[in-house]
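Only one structure is covered here, and it is reproduced in the block below.
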Amino acid sequence: MLLSDTVTDQRRSHSLCHKSPGLAKLCTGVHKNNGTNLQVHLLFLLMKDPHWLDKLNPPQRQAVTHHRGPLLVLAGAGSGKTRVLTHRIAHLIEVGGVSPDSIVAVTFTNRAADEMRHRVDALIADQGDAAKIIISTFHSLGARLLRSYAPRLDLDWNFSIYDDADQRRLIANLLRRGDQEQGRSEVRQKQSYIDACKNRGQTPEQAQEEAFDQKAEAQAQFYADYQQALYHAGAVDFGDLIMLPLLLFRRDPGFARRLSEQWQYLMVDEFQDTNPAQYELLAHLTSAHDNLAVVGDDDQAIYRWRGADATHILGFEKAFQSTQVVKLEQNYRSTALILDAANDVIAHNDQRHPKQLWTERPRGESIVLFTGSDDREEASFVAESIFDQIRKGAAPQDFAIFYRANAQGRLFEEQLRQWGLNYRIVGGLSFYDRREIKDVLAYLRAALNPYDDIATSRVINTPRRGVGATTLDKLQAALAIDGVEHLQDAAELIDADVPAQSDLFSTGPKDLIQREAFEALRSLRGVSRRGVANFLEVLDATRDDLLHFESLRPVVERLLERIAYAEHIEKDDPDVAEDRLLNIGELISAIEEFESDSATPALLDAVRQAIPDEADDPLTTSEASLRLRAFLDRSALVRQSNDDHPDGAVTLMTIHGSKGLEFDTVYLVGMEEGTFPNLRHGDEPEKLAEERRLAYVAITRAQNRLFITNARRRRVYGQFKDTSPSRFLLDISEEHLHVDPRSTVDGVNFGKHRHRGFSSSSSQRTSSAGQSLYFDQSSDGFDDLSFNQAPPDWDLEVDDTLVDDYADDYEGPADADGDDILGATVSHSRFGVGEVLSISGDGDDALLKIDFVTVGQQTVIRKFLKILG
DNA sequence: GGCACACGAATTTTT
DNA sequence: TTCGTGTGCC
């Protein structure tokens, strides 16, 4: 280890700590015991370095071997960020002799956590040690804490975790009950208000204190009501997974301190994405020490809309005194040219931590640009291009398609399928969001947590059992009755023996309402009454099973049988029944996998630990129940199942989803104003800056090749809308771009940019000159240009031969003649791609026998084929 | 209570 | 274009 390695670049950018007294206050408790640093360091020097240490570059090594005290690693894209974190963990254990269970590494996504877990496992000799390290997302860590310490918050230890949709249902219920304005946008507005409060670490009381007008007061009041309703349902939402542990720490700093003493080494990945609540949580967790190592890149801050605050990373050195700062600026991932392009784009943002990414890698291939005449053509270009490369020997898993919004994925999915390519979609409608999965999980939730009214109301009439809106209304109304707290109570009351003079009704003004609700409930007859009874039976039977089985699988299978779910699916929509049944099968596999997973026992222990001594309820403490509890937690937090294609697949995902990943070849699609950047009229500059960082993230995912595509027309809500190229695309130096000959446009620019006096697209787009011109435009109303009414003109002289060659639909006439077509690759609009086996007849009407990739052998008429060569 | 139909609104991005 | 909600009829 060289001494010079530890010399840190002390240049610091402006810090925001001093501007925020609250933050500064928060920080003061955090740095201590620096006196021991030197000793420990010397001890470190005496120990033998593991063999992998010399594979790291000097700054990486510096970060890895840093032991105690705050550490800030400013890691540019592809600079070995995860490598540093994982090696640092290994170094702490193997060289520093640190106990593995005192290390906690926090990430933002489950994927990142999994990845880190794998890599740490590979570095650490003793797998028993490896398993003791806590590597988790913020939310999982929060869930784990809550599960263990719920009683301290007077929260039922058996709480459910509400996802987005559950949250919205609860909000909608509350609005209805409060006779407030309803409707989707109102629900969303309330939801984002509540989330924003929780992201800031603000309780309803604090929100109320800070409310200075009536509207704000009403909002805060709603937040309070909502929290009350959650509590009543024995549930927490995503925000609570951070917020409630935080409350716990605020109320009992001693408790936080004890935890902090246990967790001696904290590491946070993607630190630029922390929100204030998470930041405060970290402050509490380091109250007994200051061993906080954070890694991040302010250029990759893309979660501001979710409350993330990049000032945490920008002001870290100020907040934590004697922070060691390490900058990782060497990029190992991308070719020089791709890196240049990324730098071109991000250079337009100010307010960055100054850094300069560089690489030793060669220049590499040009970035390919393709502009389709419409979005479908764009998608088919991408599919064909990938198909070609795979045919030449590339592996499907080397390719990724990135888009701004999930909805864009569909077209690409269609085209990939057409070309017979395997693909996997990351994000979007996740596995656990599928209706059939949510149904089954809701049953299980309703069985395990009878207070969970959202789960109960979801499945009380699924499959149909005669419990419609009217009956549900009666059940809801019955909640007014004293002693009837939850829907399941109400359901039970229908058939219960109630003495005429029961104390069910207290005296008071509510008496009449209660009595009416009671009568309405008891007057239920026929299918409705039987339906409710049947529902309760199903839950009871499932609870019974939870007592008598150890494994979850039979519990779920018997449930499915009991409610005849397969038949229900079949009847509901035969077209998709098969898919849904497969999904159910996958759910069962996921449960089994979970039960046999090596990490599960630790989870179960955490849940077990939470069971209060007085809880002797055999149901909630049975083995199967514990497993179910843990599985439900996980299914709420882990959004997708691992259904990776065995033989490799092309990856489709949003740019947000791509962060932290890398691919040999990246297709960045939909590069048009309005789509990406995705802006609405009147958006502020910071939003644009975030979009720009998003572009930076996307470009820097590519290792060797980058394709950028867009379309001159795009369907929005089924209507074609004209587009213009993304400003981010225009920021990339033209000498880095190569326009694909099949492109509809013979250059980068299309549409109005020509009208702005740019004779040639290249002259105005080089670096700073391009920037000023560009932004001059925007200041005189760029928004008007791109997002609103005025469609751009398409007055380009396009090379017709090129356009025809590509723009012809697949149904167009075949464009090769003679018999050399035997063995050729062709494409058909319905069957996709195939190989010509034989020909009979001639001309456009000739019959061709084709072996299609997707559907096998078919005979088709030649004019419906496109010859690909 | 359940179904079929019409209408209107809607798209960021995720734990 | 697709989704979810509301309406009117059986």
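Reminder, nothing fancy here: chain letters follow the sequence lines and each chain counts from 1. Fair warning: this is a prediction, and the values are worked out from it, not measured in the lab.
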Taking OP1 and OP2 of [N], is either one under 4.0 Å from a side-chain nitrogen or oxygen of [X]?
X        : N      : answer
A:Arg188 : B:dA10 : no
A:Asn406 : B:dT14 : yes
A:Thr654 : B:dT14 : yes
A:Asn461 : B:dG2  : yes

Please determine whether side-chain contact (heavy atoms from CB on, under 4.5 Å) holds for the pair A:Thr471 and A:Val532, giving the CA-CA distance in whole Å, both sets of side-chain angles, and the decisive distance to 0.1 Å.
CA-CA 9 Å; A:Thr471 309; A:Val532 174; 4.1 Å; yes
Do we count A:Trp305 as stacking onto B:dT12 if the rule is ring centres under 5.5 Å and planes under 30°?
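It does not: the two rings, one from A:Trp305 and one from B:dT12, miss the stacking criterion.
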Atom [atom1] of [X] and atom [atom2] of [N]: how far apart are they, to the nearest Å?
X        : N      : atom1 : atom2 : result
A:Arg693 : B:dT13 : CZ    : P     : 18 Å
A:Asn275 : B:dT14 : CG    : P     : 16 Å
A:Arg184 : C:dT2  : CZ    : C1'   : 13 Å
A:Gln167 : B:dT14 : CD    : P     : 16 Å
A:Arg169 : C:dT5  : CZ    : P     : 9 Å
A:Lys571 : B:dG2  : NZ    : C1'   : 10 Å
A:Ile302 : B:dT14 : CD1   : P     : 9 Å
A:Tyr432 : B:dT15 : OH    : P     : 14 Å

Tell me which nucleotide among [options] gets nearest to the side chain of [X].
X        : options               : value
A:Ala407 : B:dT15, B:dG1, B:dT11 : B:dT11
A:Asn110 : B:dG1, B:dT15, B:dT13 : B:dT15
A:His139 : B:dG1, B:dT14, B:dT15 : B:dT15
A:Glu691 : B:dT12, B:dT15, C:dT1 : B:dT12
A:His656 : B:dT13, C:dT5, B:dT12 : B:dT13
A:Arg464 : B:dA10, B:dG2, B:dT14 : B:dG2

For A:Phe412 and A:Tyr403, take the angle between the two ring planes, folded into 0 to 90°, and tell me which bin it lands in: parallel under 30, tilted 30 to 60, perpendicular over 60.
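Parallel, since the angle between the ring planes stays under 30°.
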Ring-plane angle category for A:Phe663 and A:Phe402, please: parallel below 30°, perpendicular beyond 60°, tilted otherwise.
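Perpendicular.
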Are A:His656 and A:Tyr303 an aromatic pair by the rule of ring centers under 6.0 Å?
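Judged by ring-centre distance (under 6.0 Å), A:His656 and A:Tyr303 do meet the cut-off.
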Sugar-phosphate only, base, or nothing, as touched by [X] at under 4.0 Å among non-hydrogen atoms:
X        : result
A:Ser140 : nothing
A:Ala636 : nothing
A:Phe138 : nothing
A:Arg304 : nothing

Counting only distance, no hydrogens or angles, is the base of B:dT13 paired donor-acceptor with the side chain of A:Arg404 under 3.5 Å?
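Per atom types, the contact qualifies.
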Taking A:Arg352 as the fixed residue, which of A:Asp298, A:Asp297, A:Asp299 is the one that meets the salt bridge (charged side-chain N to carboxylate O under 4.0 Å, His left out) rule?
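Looking at A:Asp298, A:Asp297, A:Asp299, the match for A:Arg352 under the salt bridge (charged side-chain N to carboxylate O under 4.0 Å, His left out) is A:Asp299.
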In terms of the nearest nucleotide of DNA chain B, which residue is placed more toward the 5' end: A:Ser528 or A:Asp195?
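Between the two, 5'-proximity favours A:Ser528.
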Which is more 5' along DNA chain B, the nucleotide nearest A:Gly657 or the one nearest A:Gly466? Just name the residue.
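The residue whose closest nucleotide sits nearer the 5' end is A:Gly466.
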Salt-bridge contact A:Arg435-A:Asp572 (side-chain N to carboxylate O under 4.0 Å):
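Looking at A:Arg435 and A:Asp572, the cut-off is met.
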Can you tell me, in whole Å, how much space there is between the C1' of C:dT5 and that of B:dT12?
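About 23 Å, rounded to a whole number of Å.
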Taking atom P in both B:dT13 and C:dG4, compute the distance separating them and give it to the nearest angstrom.
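Looking at atom P only, B:dT13 and C:dG4 are 15 Å apart.
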For the side chain of A:Gln719 and the backbone of A:Val716, is there at least one donor-acceptor N/O pair under 3.5 Å apart?
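Checked: no pair found.
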